[in-house]
Structure formats: C-alpha cells, structure tokens
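The model shown is predicted, which means the values in this text are computed figures rather than measured ones. All ligand and atom numbering here is 1-based and tracks the order in the structure.
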Amino acid sequence: MSVPTALTRPVPDSFDGALVRDGQPELDVALARAQHDDYREALEQSGYSIVVVPTDENHPDCVFIEDTAIVLGSVAVITRPGAPSRRGETDPVARVLSSQFPLVEVREPGTVDGGDVFVMGDVAYVGRSTRTNVEGIHQLQEVTSEQGLELVTVDVHNTLHLKSAVLPIDIETVVVTRDAVDETMLEGLRIIYEADSERHKFSALPLHDDRVLVTANAPATTEVVSTLGHEVVPIDVSQIQAADGGLTCMSILFSAD
Ligand code: CIR
C-alpha cells in the first residue's frame, strides 16, 4: 500500500543567516520554527507520514528541502543547487530518498533548484532562473524523456524560482504573478492571477486529499482559489517568506511503498 510521505527538515538555529535577495531582514528563528511546526501539522492532518531529515547548522537554508531533490516519475533527481552555499544540503536528502527511488544526480556545470520544477499531468515545467541553468535543464530533459514526460522551459524574470511566481493548484490550474515569467510557455493551463495587492505573497501546496495549503497573507487570491471548489488551509509562514520561501519549499511529497 502506498503511503503519502513528506520529507521535511527542521529550521536550524542558524536560519537568521539564510540567503535573501533584497536586503537582509531580521529573521525570527523561534517564530520560523513555530510556523514550520504548523506546516508539518497541516501535512499530518492530511495523512502524510513525516520523515524528518536532520537539520544542519552549517546550512541556514536547509529547511528549504524542496530545492535539493525532485521526484520525477519513478526516479529522484538529486539537484546541484544554484547557490554554492547550498550545495552541501543534498547528501542527507539523497540518503533518505535512496531507499525509495533510483537516484540521478545533476552534474557540474549544471545547476537546478527544486523550486524551479513542477509537474502537471505529463508535462514537467522547469524555470530557467538565476538558480537553474541551461546545462541543468538539459540534464533534466534526459530524465523527463526517459520518464515519458514532456519538458517545457519557462524563463523566470525578477524573482527567485518558477514556483515563486507560478503555483500549481490542481491538475489544470496555476496561480501566476503577473510579469514574472514567460507566460506564453504556460499555454493550455488555466491561469488565475495573483491579486496585485498581494504580489509574491500568495503561495500554495496542493495535497493528496485535495486540500490546498495557502499563505495566510494573501486572502484575496485565496478567495478566488476557493471558488474553484478547493478546501483551502491558510498558514502563516511570514518568516519563511522573509527568507524568500513559500509553501512548496519546506517539503518533498511522494507516495512511499
Ligand atoms: C534561498 O535563497 O535559496 C532560500 N533563502 C530560499 C529558498 C526557497 N526555496 C523555494 O522556494 N523552493
């Protein structure tokens, strides 16, 4: 029987040294930890078995576990993160995933962050960003073609990752931040635009039981998502957002045997 599983990694004490694009906000580590607990509990309420990868004080960004590995079809791709300071985050994640999946590693000079990849149906959308380069995308292409997936490259401008601006909600719908990615590559998907007043505040994580976790600070966009019939679960992750994260970034979800 397959078990919905979520890999997570606790917030380290060193989290206040996390990478941030604009300025250096004061990050409240205790609050980040409480918010991470709420997130984990929401996953548990939806029936996920939580597998905790130990935290790593030498890697302030390790809570953003999504960036280190991507489950694509029947394999797990271990990334080579675009930020050199994050490259040491992958090994412990790879060890855990190796009990479930054959592993494929992104090789130098390729770089890929998991935050740049999502799969809808049989299409893998991959953001070309400051973190994910063309060589990395070529290596992903080898994996997706073996897995019977089409790969669509989406240029990402002015934001960190593809999923900073394009959030999958269900098998056909994404919430998009205007003027942040090449939207022509999203043709065929149902697009809902993030409210301009909530620019880059909305993030979402669709769960296996059709509930959708959403960021608590984007109520107008959330209202539109809920009119599609989804049960939305708002979570306050202000400290995660202050370090350029969202709701997808704190877990790797898969069905375990
Ligand atoms: C970084 O800059 O790498 C982290 N501070 C944030 C990473 C967020 N990752 C994600 O949303 N997938």
Engineer: Do Thr221 and Glu194 pair up side chain to side chain, a donor and an acceptor below 3.5 Å, judged on atom types alone?
Structural biologist: no
Engineer: side-chain contact (heavy atoms from CB on, under 4.5 Å) for Phe118 and Leu167? Distances and angles first, verdict last.
Structural biologist: CA-CA 9 Å; Phe118 66 84; Leu167 276 311; over 6 Å; no
Engineer: Applying side-chain hydrogen bond (donor to acceptor under 3.5 Å, both in side chains) as the test, list every pair that has at least one member in residues 9-22; sequence neighbours left out.
Structural biologist: Asp13-Arg33, Ser14-Glu57
Engineer: For the residue pair Thr248 / Glu66, report whether a side-chain donor-acceptor contact shorter than 3.5 Å exists.
Structural biologist: yes
Engineer: The criterion is side chain to side chain donor-acceptor pair (under 3.5 Å); which residues satisfy it with His59, sequence neighbours excluded?
Structural biologist: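 Side chain to side chain donor-acceptor pair (under 3.5 Å) check on His59 returns Asp56.
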Engineer: Distance under 4.0 Å, heavy atoms only, partner ligand 1: which residues pass?
Structural biologist: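 If the criterion is a heavy atom under 4.0 Å, then ligand 1 touches Leu19, Asp61, Phe64, Glu66, Asp67, Arg86, Gly115, Arg131, Leu160, His161, Ala243, Asp244, Gly245, Cys249.
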Engineer: Quick test of your reading: applying side-chain hydrogen bond (donor to acceptor under 3.5 Å, both in side chains), list the pairs with at least one residue in residues 182-191, sequence neighbours left out, ordered by first then second residue.
Structural biologist: Glu172-Arg190, Thr173-Arg190, Asp182-Thr184, Glu183-Tyr193
